[in-house]
Each structure stands twice: as C-alpha cells, then as structure tokens.
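For reference, the structure discussed in these notes is given below.
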Amino acid sequence: MELNRDLRRAISAIKTYMEIERDAGLDEILLPSLSLSVGVSSKSGKGLKERLANLEIETALCKGCQLYRSRNNLVFGVGSEGADLMFIGEAPGRDEDLQGIPFVGRAGQLLTKIIEAMGLKRSDVYIANILKCRPPNNRDPLPTEILACEENLLRQIEVISPKVIVALGKFAAQTLLRTQTSISKMRGHFYNYHEIRLMPTFHPAYLLRNPGDKRLVWDDMKKVMKELGIPLKK
Ligand code: URA
C-alpha cells in the first residue's frame, strides 16, 4: 500500500517532467540527475524547467513529516519558472489538495484578481506555499512540518530566483523572516530575504473576511510594481 502510494506520486511527478519536456519540443527524454546545482541562478529557460521538475520529483517523494500520508496531491507550485515575482502563501487548502495547484479556491481567485490588477497573468508569476502538503482539516502547520519543508521551498526559490517575493499573510511572512512581528506592522515595507526583496502583505483569505483592507494590499502591490518597473494603468 505504502509502496503503491509512493509509486503513484513518483509516476505523477515524472509525468509532469515528461510533459514539460514535450512542451519544450523535445522528442526524447533525457534522464535528469536528481542532484540540484545549488547556487546557480541563471535564468535560462530549459535549465530552470528541468531543475524545477527534478525538485518536484524529490518533493513528491519527501517524507520529512507526516503530511504526505494524508494529502491527496502534492501542491508544489505553479507559474513561470523565470518569474521576477513570486507569491508565497501558507499551505494548500482543500481545493488545492484536490487539484494539486496552489491558490485555486476562493482566496486563490482573489489572488488571481490582484495579479491581474497588477497588469500580469498568473502564468507571468510563480505561486507556491511554505508547505507543499495540506495539513489535515486546514489546521495550522506545525513547527516540525515547517522545518521539514523549508529546504524544498529554499531550493524552489533558488531555481526561480525572483526579484521580489510577496509573502501572503502572517504565517508566510513570519516564517520567512523568522520573526513574531505582526503582519499589520510588517506589511507595506520591503525586507531582505537571501538578497531578494520581500514584501509582506495580508493573505487573500483575510481580505475575504476584511474587504476594507483590500486597498492596503493594493498600496503594497503598487510598491512591488514600482520595484519591478511595472507601469501603473491609469
Ligand atoms: N491559502 C494558502 O495559503 N495557500 C493556498 O494554496 C490556498 C490557500
């Protein structure tokens, strides 16, 4: 049973890898090395796709915590591997776990609107979470789970090598910046995260409950747009 689950996960990750190769126009499959080249930050398309696919395979097989047992799907990340802008949320919810894609539920639809208001598409950015597997019943991630998943995220960030990271919500911001400072205090200011500019802002799920604070998030996104040289539409 255990072996079957692992095999299914590995096959699904390999399928993703082969689809990427096929979409890139390759008609033969080169077997990837599973060791990632840490520290390489070139943004050349094919190398990044391959490195990200390798990392997804490794993450699919990760047993660093117990969450792999209860998840339906790994929720690795989605978007452009060459993105200058990366959004990082907390952990997959029910919809994300069922589809294997981050931010596809109600909060995700609001995030999509925010991205589009910035003049971008979801496919222009990269979207991921701190945790790649859903905590049962959407409970808060445990410190041990965060620790176990941290390397997966760091390696993912290393491949994407974005110019700006937007940390969505208290949990992502506090985890990435190793602080207990409240999100209300942090949002709206850039921080340095491994030489990458990081902007904490409110989580879209919070905005669904507090729509009055959407304008604050928009203020934060305007700062991000300025940083990335994205023009503001009048
Ligand atoms: N909330 C998150 O933090 N991440 C998701 O993928 C969905 C909802």
Side-chain angles (χ1 to χ4, degrees), residues 9 12-13 16 52 55-56 59-60 62 65 67-68 70-81 83 85-116 118 120-150 152-154 156-157 160 162 164-179 182-184 186-187 193 198-211 213-214 216-217 220-221 224:
R9 286 186 195 118
S12 149
T16 306
L52 210 54
L55 184 55
E56 182 166 358
T59 310
C62 171
C65 74
L67 293 180
Y68 76 94
S70 53
R71 75 178 184 210
N72 283 298
N73 285 294
L74 175 80
V75 183
F76 181 68
V78 71
S80 164
E81 67 283 344
L85 177 56
M86 180 167 181
F87 289 87
I88 302 181
E90 177 174 332
R94 184 174 166 276
D95 295 316
E96 290 76 20
D97 175 60
L98 289 174
Q99 295 188 42
I101 304 170
F103 282 97
V104 288
R106 277 187 69 224
Q109 285 158 23
L110 181 51
L111 176 63
T112 304
K113 280 192 189 162
I114 293 169
I115 292 168
E116 287 171 353
M118 297 171 81
L120 301 170
K121 299 189 290 296
R122 266 176 79 107
S123 56
D124 294 324
V125 304
Y126 194 85
I127 306 172
N129 283 304
I130 301 269
L131 293 193
K132 310 301 186 207
C133 301
R134 181 192 185 205
N137 304 315
N138 295 351
R139 66 153 167 74
D140 286 346
L142 303 173
T144 48
E145 293 162 352
I146 298 167
L147 207 63
C149 219
E150 190 170 30
N152 296 326
L153 177 65
L154 268 175
Q156 195 174 27
I157 294 172
I160 310 290
V164 174
I165 291 174
V166 172
L168 296 166
K170 162 188 141 159
F171 177 83
Q174 291 184 343
T175 302
L176 293 169
L177 295 174
R178 299 248 189 295
T179 177
S182 74
I183 185 69
S184 312
M186 281 189 284
R187 63 144 286 276
Y193 176 78
L198 185 146
M199 170 65 76
T201 197
F202 290 129
H203 194 286
Y206 166 87
L207 293 182
L208 291 172
R209 299 188 301 271
N210 301 274
D213 281 347
K214 282 184 188 170
L216 296 177
V217 171
D220 301 346
M221 293 309 101
V224 168

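Every number for a ligand or one of its atoms is a count from 1 in the order of the listing.
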**Complete:** Under 4.0 Å between heavy atoms, the region of E90 that gets near ligand 1 turns out to be both

Could you check whether any side-chain heavy atom of [X] comes within less than 4.5 Å of a side-chain heavy atom of [Y], counting everything from C-beta outward?
X    : Y    : value
P92  : I101 : no
P200 : L198 : yes
F76  : L52  : yes
L207 : I114 : yes
F202 : I183 : yes

**Prompt:** Of all the heavy atoms in A91, does at least one lie under 4.0 Å from an atom in ligand 1?
**Reply:** yes

Using a 4.0 Å cutoff against the non-hydrogen atoms of [X], which atoms of ligand 1 qualify?
X    : value
G89  : 3 (O)
H203 : 1 (N), 2 (C), 3 (O)
P102 : 6 (O)

**Fill in**
For atom 4 (N) of ligand 1, the closest protein heavy atom turns out to be N129 OD1, 2.8 Å

**Nearest-neighbour protein heavy atom for atom 8 (C) of ligand 1, which is reported as residue plus atom name and distance** = F103 CE2, 3.9 Å

**Heavy-atom pair of closest approach, residues E96 and V104** = OE2-N, 3.0 Å

